[in-house]
Amino acid sequence: MSTLSPGLRPPADRPVPPEPRTSASPGPRIPASPEPRAGRFRRAAARLTPADRAVLWLYLLTRISLWITAHFARWLFPARPGAREAAPVLAPFQRWDANHYLHIARDGYFPAGAGPWTSGWDNREAFFPGYPSLLRAVHTVVPDWTAAGLLISFVAGAVAVLALARIARAYLPEDATGRRTAALFLLSPCAVFLAVGYTEALFLAFALPAWLAAVRHRWALAAVLTALATTVRVSGLFLAAAIALLFVLTAREKRDRRSWRAAGWMLLPALPPAAYSWYLHVYTGDWMAWKHAQERGWYRTFHTPWEAWANTWNGAFGHTQTTGYALMFQAELAAMLVGLALVAVLLYRRRWPEALYVALSLWALGTSYWYTSIPRATLLWWPLWIGLAALSLRRPWFRTAYLSVAAPVTTLVALTFLTGRWAG
């Protein structure tokens, strides 16, 4: 696997050293004033290549587009028929899981002694503590909870899309690879979840730089970033397995004992989930309380893959669900097929670590009673977006076909979420 060149340039405005003090320059020495904040910003911006800046500009444009969609959604689709006032500006973004994270950040996991033993419990322990902890910290500066969550996703999304573009340039040498990968990713059907108070953007802000560090063989940094990813989602463990496999393959290829010295770092990502399980055990007596909460609240009890497929198929086409839920199940089936095809391609191209990462994700999502959240999970499969970019470079017509289909689907999914109609 080729590695990614950092693409960093030295700052153009290097500081000029002070002139030496001589007898001809009397007077006390005046300490240099701290560098202005604007100067530090310019120096940081100088580290971005033109390709990086193009990707970030595309990211900003898609955020503006989504905010415009949210603004019109609250006027065109009021919560009550005949409403004469639009919902608050940020109301479209505070939906579904975003409320769970808000409650955890504001009240903790077990407020006032409540828990799984309480009637009507919301099973909030199913959600890992990384995002709610950061949300609580940002809330100390941004008073509005929803705005704090949006700020996290906005910054994290920029980091993620920049890292994705750099990874793409490591796989494909064409100049336009990073920008094209970012465009396909940002206009993907479930891209709205990168901008709302969900964990996808924050997870990718850790996971993608972790993978970037791993392909550069910076194992300690990769392990630290992966450990941060495991505080956000259990999917971080799948990433840890992929990076560990990449480490083993790299060490075997080098045939050097010194290459194995970093092996201990591969254990670091397991510590945050272990600590969270210990915390839950203290309060509930259950080491796997987060998993059991998912089973109670989201039907994630173990079923064989064929049982899960059959149950999802019945929900999609068996006329057992309302049309909204049936359409969701159809999307789940389609996303599963995309994931299986992706694993097959990765195995064919001997991309073993990436194949392992996606396969573990499919196994976790495809062994519940029925499929849940697989379309959202496609955002986490970075080999998918790089592969689609590669295909569009070989077949120029593919990008036009993809955008022609993805644009309306992406808009409809965004409207479905922003108007409170996401789950049926």
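Since the model is a prediction, treat every value here as computed from it, not as a measurement.
Tested against S235, the residues T199, T230, L380 include a single side chain to side chain contact (heavy atoms under 4.5 Å, CB included) partner, L380. The side chain to side chain contact (heavy atoms under 4.5 Å, CB included) with L204 is formed by just one residue from the set L164, V232, L194; it is L194. Each of F77, F93, Y198 was scored for a ring-ring contact (aromatic ring centres under 6.0 Å, His included) with F417, with one residue passing: Y198. Among V248, T226, L356, the single residue meeting the side chain to side chain contact (heavy atoms under 4.5 Å, CB included) criterion with I243 is T226.
In this structure, L151 and V155 have side chains that are in contact, with non-hydrogen atoms separated by less than 4.5 Å. Under the 4.5 Å side-chain criterion, counting only non-hydrogen atoms from C-beta, F128 is not in contact with S133.
In this structure a side-chain-to-backbone donor-acceptor pair under 3.5 Å is missing from R351 to L346. Counting only distance, with no hydrogens or angles, the side chain of R169 and the backbone of T177 share no donor-acceptor pair below 3.5 Å. In terms of modelled atom types and a separation under 3.5 Å, the side chain of T69 and the main chain of S65 share a donor-acceptor contact. R74 places no side-chain N or O within donor-acceptor distance of the main-chain N or O of P92, the cut-off being under 3.5 Å. S153 contributes no side-chain N or O that, together with a main-chain N or O of L150, makes up a donor-acceptor pair within less than 3.5 Å. The backbone N or O of T49 sits less than 3.5 Å from a side-chain atom of D52, completing a donor-acceptor pair. With hydrogens and angles ignored, the 3.5 Å screen pairs a side-chain donor or acceptor of R124 with a backbone N or O of G108.
For residues 138-167, the set of pairs meeting the ring pair (Phe, Tyr, Trp, His ring centres under 6.0 Å) definition, not counting sequence neighbours, comprises Y59-F154, W67-F154, H139-W145. Applying the salt bridge (Lys or Arg N to Asp or Glu O under 4.0 Å) test to residues at least two apart or on different chains, none of the pairs has a partner in residues 148-157.
More than 12 heavy atoms of other residues, nucleotides or ligands shown are found within 6.0 angstrom of CH2 on W370. By the neighbour-count criterion of 12 heavy atoms within 6.0 Å, atom OH of Y283 is sparsely surrounded, having that number or fewer from other residues, nucleotides or ligands. The 12-atom threshold is not exceeded at CZ of F72, counting heavy atoms of other residues, nucleotides or ligands nearer than 6.0 Å.
The CD1 atom of I386 lies 7.5 Å from the CG atom of L172; values are rounded to the nearest 0.5 Å.
In the model, N123 has no side-chain atom that pairs as donor or acceptor with a side-chain atom of Q294 under 3.5 Å. Side chains of T312 and E332: no donor on one and acceptor on the other come within 3.5 Å.
A search for salt bridge (Lys or Arg N to Asp or Glu O under 4.0 Å) contacts involving R376 returns D97, E200, not counting sequence neighbours.
Between W260 and F247, the angle of the ring planes goes over 60°, which puts this pair in the perpendicular group of the 30/60° scheme. Ring pair Y402/W385 is perpendicular by interplanar angle, where above 60° counts as perpendicular and below 30° as parallel. Note on ring orientation: taking the six-membered ring where Trp is involved, the planes of Y276 and Y279 are parallel (angle under 30°, cut-offs 30° and 60°). A perpendicular orientation is assigned to the rings of W309 and Y371, their planes being inclined by more than 60° (bins at 30° and 60°).
Taking the ring centroids of W422 and F193, they lie under the 6.0 Å cut-off. Separation of the W219 and H217 ring centroids falls under the 6.0 Å cut-off. A centroid separation of less than 6.0 Å is found between the aromatic rings of W298 and F127.
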